[in-house]
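Notes follow the structure.
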Amino acid sequence: MRMQLPAFLADHRRLRRVLSSSSSSSPTTVAALTRLHALLVVSSSQNLFPSLAAAYARVGALDAAESTLAASPSSRSCIPAWNALLAARSRAGSPGAALRVFRALPSSARPDSTTFTLALTACARLGDLDAAEAVRVRAFAAGYGRDVFVCSALLHVYSRCGAMGDAIRVFDGMPRKDHVAWSTMVAGFVSAGRPVEALGMYSRMREHGVAEDEVVMVGVIQACTLTGNTRMGASVHGRFLRHGMRMDVVIATSLVDMYAKNGHFDVARQVFRMMPYRNAVSWNALISGFAQNGHADEALDLFREMSTSGLQPDSGALVSALLACADVGFLKLGKSIHGFILRRLEFQCILGTAVLDMYSKCGSLESARKLFNKLSSRDLVLWNAMIACCGTHGCGHDALALFQELNETGIKPDHATFASLLSALSHSGLVEEGKFWFDRMITEFGIEPTEKHCVCVVDLLARSGLVEEANEMLASMHTEPTIPIWVALLSGCLNNKKLELGETIAKKILESQPEDIGVLALVSNLYAAAKKWDKVREIRKLMKDSGSKKVPGYSLIEVHGTRHAFVMEDQSHPQHQEILKMISKLSFEMRKMGYVPRTEFVYHDLDEDVKEQLLSYHSERLAIAFGLLNTSPGTRLVIIKNLRVCGDCHDAIKYISKIVDREIVVRDAKRFHHFKDGACSCGDYW
DNA sequence: TTAGGGTTAG
């Protein structure tokens, strides 16, 4: 017996119209589509399946859409339905699934510009260059090699995958370049870290008479951020205001980021406060601007403000807050952020690395190591952070062991890995190993030494007294050494009393007219060590003329969760008298044990007893005395110093650790020193 | 009926 079917099923044209008008906002529901689906099956109306599948895709029933399409009689008319499914998979944030849909296309189907464009966008999101190549070959074979949408999508894949050479090739070959193609190139150069070329693209775009829009302006602002060209960024900002262009949240955020990253904090705050709507990313741009520029307290204040404004801090904000904690050694807050993450968020790699780095910089090598051991998925950045952590804490052998362990995982080390490794070996005085791995880095791993690597190797050699060898190495190099490299060599000369070579280097440094006050101070210290007081006066004048002041040395210590800062000769601390008493008590004990003040570290032409007194009031000693007065016996003290610890303080703290029987950890501008029982972990490779 | 935009770890 034949089934009675509703009459409307016979009117396929009308049905197609109804199905194509459905969307996620229309009253058509998945249930209605499912009922219709059943009727179509019974009435053998499979030729309507593509329309039904597209309707399923539009209302978000993607699995139903996919299976309906798979059961469709394949024909050219299926393509809009396949496209709808691809677009829906892409929108749902599953580019992998979208690409699977593309691959599942029946051979009889003829993909069009939309299909290829959607497939390429999925490849871009996946960062899969090989998959993109397969799509490209099919698209070009199908005659879409000059299609503006397909080509723009291809540009996007290439720039997302760092293949800017390919992007340029495709872009140059495009017969028609619209504003999307131009802005894709601008953004591509920015993300490749080539902001100058990004700005070049932008000016070529304007020369071609292509109208600029908000999207391309974001790329331009980012390029200005990277080049530090805030003048140009500000003129873009001005044009926005003058022309009444729509200042959306993305544009405003990139402006906040540009101003904050380049130290224009007031303008950054102002733009931020004027935003009619802010989201987590806008907050993060401002917070990270402060955190990355040594304004930890402002960053942490903003982080708290964000939390109380009703916005839940996301991983970006937490990362910046952790960075700020690390900067000033705020362990208590750092620990509580770690706890918050464990309770509330997924512990992904970036956050893990930020927490690890925070523990490392706050002096807790053990916590950093424990965390590293616990994290199961480790990317290269995490490995590099752990290697750097061992290095700064003076554990060169551990750093080397980690590096070898990394090589066994198959992850390829990069320039940063070697920078951390070489610095670790240098700090631990592992000269032979350092020379060996520097050589292998170039020959086996094919990594060109950067300035950073050269500084490490020169430092490694110079620190061990091999200043002549370091000098010869520099002479054999193809390029002229930069100031930081000369500085590494000069510090080696100063520390090893190779004053003659030191003076030659000092001359070379002065020839390049350094403005950095720290560099001038080092040069002046060398001349002071050589007792060339005329030269010292000359350099002091240069320092004065350069307009900036020498950064004053300060030390931070966290006691019972509160941070205290100490500056040399600062008498404003409420416990100042007690601190002085503690220092003189310690000095008395130290002398009994054989301590002799190393007054050569006072680079002023003063009487010996004045020099001795100056040494004993260095900020790290004030902080230690304060820590001893306010913590119970046996408590470990962690001091964060902004400059390097001087050789005399290094000696003194060894004695102090013995006298008070405490572990004292000092982080200076370069590394950590763990003092315990009269010795330092750095084995006096200070 | 499809392509391009902001922050965050070593």
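Sequence lines set the chain letters: A, B, ... in the order given, protein chains first and strands last, and positions in each chain run from 1.
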**Request:** Using a strict 4.0 Å threshold on nitrogen-to-oxygen distance, state whether A:Glu305 and A:Arg269 make a salt bridge.
**Result:** no

**Message:** Salt bridge check, A:Glu207 against A:Arg204: does any charged N sit closer than 4.0 Å to a carboxylate O?
**Reply:** no

**Request:** Scan nucleotides 2-9 of chain B nucleotide by nucleotide, 5' to 3', and note B when protein non-hydrogen atoms come under 4.0 Å of the base, S if they reach only the sugar-phosphate, - if neither.
**Result:** BBBBBBBB

**Prompt:** Going by an N to O cut-off under 4.0 Å, is there a salt bridge joining A:Arg169 and A:Asp166?
**Reply:** yes

**Prompt:** When you check the side-chain N and O atoms of A:Tyr202 and A:Glu212, is any donor under 3.5 Å from an acceptor?
**Reply:** yes

**Asked** Any Lys/Arg nitrogen of A:Asp248 or A:Arg246 sitting under 4.0 Å from an Asp/Glu carboxylate oxygen of the other?
**Response** yes

